[in-house]
Amino acid sequence: MKKMILALDICDFQKAENFVKETSPYIDIYKVGPVLFLHAGREVIKMIKDFGKEVFLDLKFHDIPATVKRSVESAKELGVFSLTVHSVGGAEMLKAASSVENRPKIWAVTVLTSQIAMPEEVVKRAKLAKICGIDGIISSPLEISLIKKSCGKKFNVVTPGIRLTKINDDQKRVATPEIAIKEGADFIVIGRPILEAKNPIEVAKNIYERILIQ
Ligand code: C5P
């Protein structure tokens, strides 16, 4: 499976479909978060799956255990590949999420990549998620190797905060695609560097080729 995930943070179904169509040689998983899901949830998921691609549903569940468990069951019905929960929801919530049988992969958010964080805090949350039966975590590129060391190679590390050049935006803990892959990321999540590029297809192709040779 290709390692780049495109975050479809746009509220326009037609644009989303065009992005999926045009980037499909380089991407197998598309991330659908609140921006697009609230606009055209089920329709978008069907469209992505009709292209033979997978959906990463990034709605970051954080609620009482029973509600999170039911949310995971609903996401399972949608046929998504993976989804997110918040690690700050605590052990009981994480265990309730992971207890759903034949469910999508669950990745726990540790600390948002837009926030400054101590690597120890991220690793602590990753360990908790692992103990609770979660399949992996979302972390910045800066904590990947520490997490792999503490939680094992099979524990998925999925990293947003990917930037091609040094720019000033809301993401604080960032690295290039090459560094994230070299550090051991299983998947890298990229949104605006592709969505807002003059030629998004060229950028997607370029990142794909850059990480292939890592
Ligand atoms: O546009 P950009 O490349 O910053 O997109 C990153 C995506 O990853 C966004 O959709 C954002 O919501 C998501 N994300 C993140 N940091 C996390 C978890 C998810 O940036 N810890």
Side-chain angles (χ1 to χ4, degrees), residues 3-12 15-16 19-20 23 26-27 29-39 41 44-45 48 54-62 75 80-89 94 97 105-119 121-126 128-129 134-144 146-147 155-181 183 185-198 200 203-204 206-208 210-211:
K3 293 193 169 197
M4 173 169 42
I5 298 177
L6 177 60
L8 289 169
D9 292 331
I10 40 178
C11 49
D12 182 323
K15 262 194 191 165
F19 272 120
V20 176
T23 60
Y26 319 112
I27 292 169
I29 309 175
Y30 291 85
K31 183 170 95 73
V32 178
V35 180
L36 187 56
F37 192 79
L38 292 172
H39 176 69
V44 161
I45 288 169
I48 295 170
E54 299 286 2
V55 176
F56 163 23
L57 186 66
D58 186 22
L59 296 180
K60 301 184 181 68
F61 301 147
H62 179 198
V80 302
F81 172 77
S82 59
L83 61 88
T84 42
V85 297
H86 249 296
S87 63
V88 285
L94 294 170
K105 273 183 188 294
I106 301 180
W107 295 328
V109 175
T110 50
V111 180
L112 293 172
T113 40
S114 56
Q115 295 176 299
I116 307 285
M118 297 296 285
E121 179 61 25
V122 177
V123 171
K124 194 171 117 194
R125 294 189 192 186
L128 173 72
I134 297 296
D135 306 293
I137 47 93
I138 314 289
S139 85
S140 92
L142 311 184
E143 298 99 28
I144 302 168
L146 266 180
I147 293 166
F155 190 65
N156 291 168
V157 179
V158 181
T159 62
I162 302 296
R163 291 294 176 261
L164 308 178
T165 51
K166 217 174 160 14
I167 52 165
N168 250 346
D169 64 7
D170 55 349
Q171 295 286 20
K172 301 274 184 318
R173 293 164 22 248
V174 298
T176 62
E178 291 95 325
I179 290 176
I181 295 296
E183 288 290 305
D186 295 284
F187 298 103
I188 56 172
V189 178
I190 309 181
R192 288 163 291 177
I194 292 178
L195 301 178
E196 294 175 3
K198 271 201 186 114
V203 176
N206 178 259
I207 298 171
Y208 174 72
R210 279 163 63 169
I211 59 177

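Each residue takes its place number in the sequence, starting with 1. Read the numbers this way: they start at 1 and go in the same order the structure lists the ligands and their atoms.
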Discussion item. Counting only nitrogen or oxygen atoms and a 3.5 angstrom limit, does G191 reach ligand 1?
Written reply: yes

Item to complete: Mind telling me whether F187 and F81 have parallel, tilted or perpendicular rings, with 30° and 60° as the class edges?
Response: perpendicular

Item to complete: Can you measure from CZ (R192) to CG (L164) and round to the nearest 0.5 angstrom?
Response: 12.5 Å

Worksheet entry | atom 20 (O) of ligand 1: the protein heavy-atom neighbour that sits closest, reported with distance to 0.1 Å | Q171 NE2, 2.9 Å

Worksheet item: Considering only heavy atoms, which of K31, K172, H86, Q115 lies nearest to atom 7 (C) of ligand 1?
Response: K31

Worksheet item: What's the spacing between T159 OG1 and I181 CD1 if we round to 0.5 Å?
Response: 6.5 Å

Item to complete: For the pair V123 and T110, evaluate side-chain contact (heavy atoms from CB on, under 4.5 Å) and give the outcome as yes or no after the intermediate values.
Response: CA-CA 8 Å; V123 171; T110 50; over 6 Å; no

Worksheet, complete the sentence: Rounded to the nearest 0.5 Å, the CD1 atom of I106 sits from the CG atom of L94 at a distance of 8.5 Å

Worksheet item: At a 4.0 Å cut-off, with the gap strictly under it, does some heavy atom of G33 reach an atom of ligand 1?
Response: no

Discussion item. Can a donor-acceptor pair be found, under 3.5 Å and without considering hydrogens, that links the side chain of E183 to the backbone of A180?
Written reply: no

Practice prompt. Just let me know how L112 lines up against ligand 1, side chain, backbone, both or neither, with a heavy-atom cut-off below 4.0 Å.
Written response: both

Discussion item. Does K31 form a side-chain contact (heavy atoms from CB on, under 4.5 Å) with D9? I'd like the steps, not just the answer.
Written reply: CA-CA 8 Å; K31 183 170 95 73; D9 292 331; 4.3 Å; yes

Fill in: Nearest neighbour in protein (non-hydrogen) for atom 2 (P) of ligand 1
R163 NH2, 3.5 Å

Discussion item. Please classify the S114 to ligand 1 contact at 4.0 Å (heavy-atom distances, strictly less than): side chain, backbone, both or neither.
Written reply: neither

Discussion item. Return the closest protein heavy atom for atom 19 (C) of ligand 1 as residue, atom name and distance.
Written reply: K60 NZ, 3.5 Å

Worksheet item: What are the atoms of ligand 1, with element, lying closer than 4.0 Å to any heavy atom of P193?
Response: 3 (O)

Item to complete: For ligand 1, indicate whether the residue I138 contacts it via side chain, backbone, both or neither (heavy-atom separation under 4.0 Å).
Response: side chain

Item to complete: Using distance alone, decide if ligand 1 has a nitrogen or oxygen within less than 3.5 Å of any nitrogen or oxygen in D58.
Response: no

